[in-house]
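Notes follow once the structure below has been shown.
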Amino acid sequence: MWHALATPWGTIAYDWDGARLVRVRLGHVPGAAFAGDDPAAGWLSAYFRGDPLPCLPPLALPATPFQARLRKALLAIPVGTTCAYGALARELGTSPRALGQALRANPLPVVIPCHRVVAARGLGGFAAGLIWKARLLAWERLLARECAAERLVMHRGTD
DNA sequence: CGATTAGTCCTTC
DNA sequence: GAAGGACTAATCG
């Protein structure tokens, strides 16, 4: 069942089957209603408001064994940082292009941070449209900076 | 520098 | 099976 959700950059939609998050679509989905009050809505709205993130909602199982390993690797990339296709491919013992295919097939963008993987020079690609990749990365850079500043204050005081 | 090419292997039809 | 990429390092002008 598709649910709509407002973000600073327009509405997005996610498919919650009652127990797990099945897919996420960046952009408008015709049939989607705004009634969402489930763990996926909680996580996504926290993300887009810049609040501390709760635990991930239950996610649909990965389609292939490789995607299972990929998912784990992606979730290990911290907010505000990025990783190169080549580097991640080596880490997973595969080729950069193959990694790109697997990333393109990710049904859960944002929640599974496939946008944190960028090309050696430039952004690389993004299934939902490059503009979203740029926005998400900029947003996360901002959040990470804010977080770092806060830690600094805790440590040294404001003066 | 920019253009071209070969190597790579996961997804999809 | 076959084809085609969300890539990259190397080679060539």
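Reminder, nothing fancy here: chain letters follow the sequence lines and each chain counts from 1.
- For the pair A:Pro96 and A:Ala105, both in contact range of DNA chain B, the more 5′-proximal nearest nucleotide belongs to A:Pro96.
- When distances are taken from the side chain of A:Gln67 to each of B:dC9, B:dT11, C:dT8, the shortest belongs to B:dT11.
- Here B:dT8 sits opposite no nucleotide as a Watson-Crick or G-U wobble pair (both hydrogen-bonding atom distances under 3.5 Å).
- When the C1' atom of C:dG4 is taken as reference, atom CG of A:Leu99 falls 16 Å away, rounded to whole Å.
- Atom CZ of A:Arg121 and atom C1' of C:dA9 are 11 Å apart (whole Å).
- The side chain of A:Thr64 places no N or O atom within less than 4.0 Å of a non-bridging phosphate oxygen (OP1 or OP2) of B:dC10.
- Using a 4.5 Å heavy-atom threshold, the side chains of A:Arg151 and A:Met154 count as separate.
- Between A:His3 and A:Tyr14, the ring-plane angle classifies as parallel under the 30° and 60° cut-offs.
- Distance A:Arg69 CZ to B:dC9 C1': 12 Å, rounded to the nearest Å.
- If you measure from atom CG of A:Leu70 to atom P of B:dT11, you get 8 Å, rounded to the nearest angstrom.
- Between the P atom of B:dT11 and the CG atom of A:Asn106 lies a distance of 11 Å, rounded to the nearest Å.
- Using a 4.5 Å heavy-atom threshold, the side chains of A:Leu56 and A:Leu75 count as touching.
- C:dC7 atom C1' lies 8 Å from atom OH of A:Tyr85, rounded to whole Å.
- Figure legend. B:dA3 is base-paired to C:dT11; pairs are counted as Watson-Crick or G-U wobble with both atom distances under 3.5 Å.
- Donor-acceptor pairing under 3.5 Å, judged by distance alone, is absent between the side chain of A:Arg97 and the base of C:dG4.
- Contact between the side-chain N/O atoms of A:Ser95 and the OP1/OP2 oxygens of B:dG7 is not found at any separation under 4.0 Å.
- Counting to the nearest Å, the C1' atom of B:dT11 and the CG atom of A:Leu92 are 16 Å from each other.
- Atom C1' of nucleotide C:dA9 and atom CZ of A:Arg90 are separated by 11 Å, given to the nearest angstrom.
- Evaluated for a side chain to side chain contact (heavy atoms under 4.5 Å, CB included) with A:Glu140, the options A:Arg145, A:Arg135, A:Arg116 yield exactly one hit, A:Arg116.
- Within the 4.5 Å cutoff, side-chain heavy atoms of A:Cys114 are placed close to those of A:Phe126.
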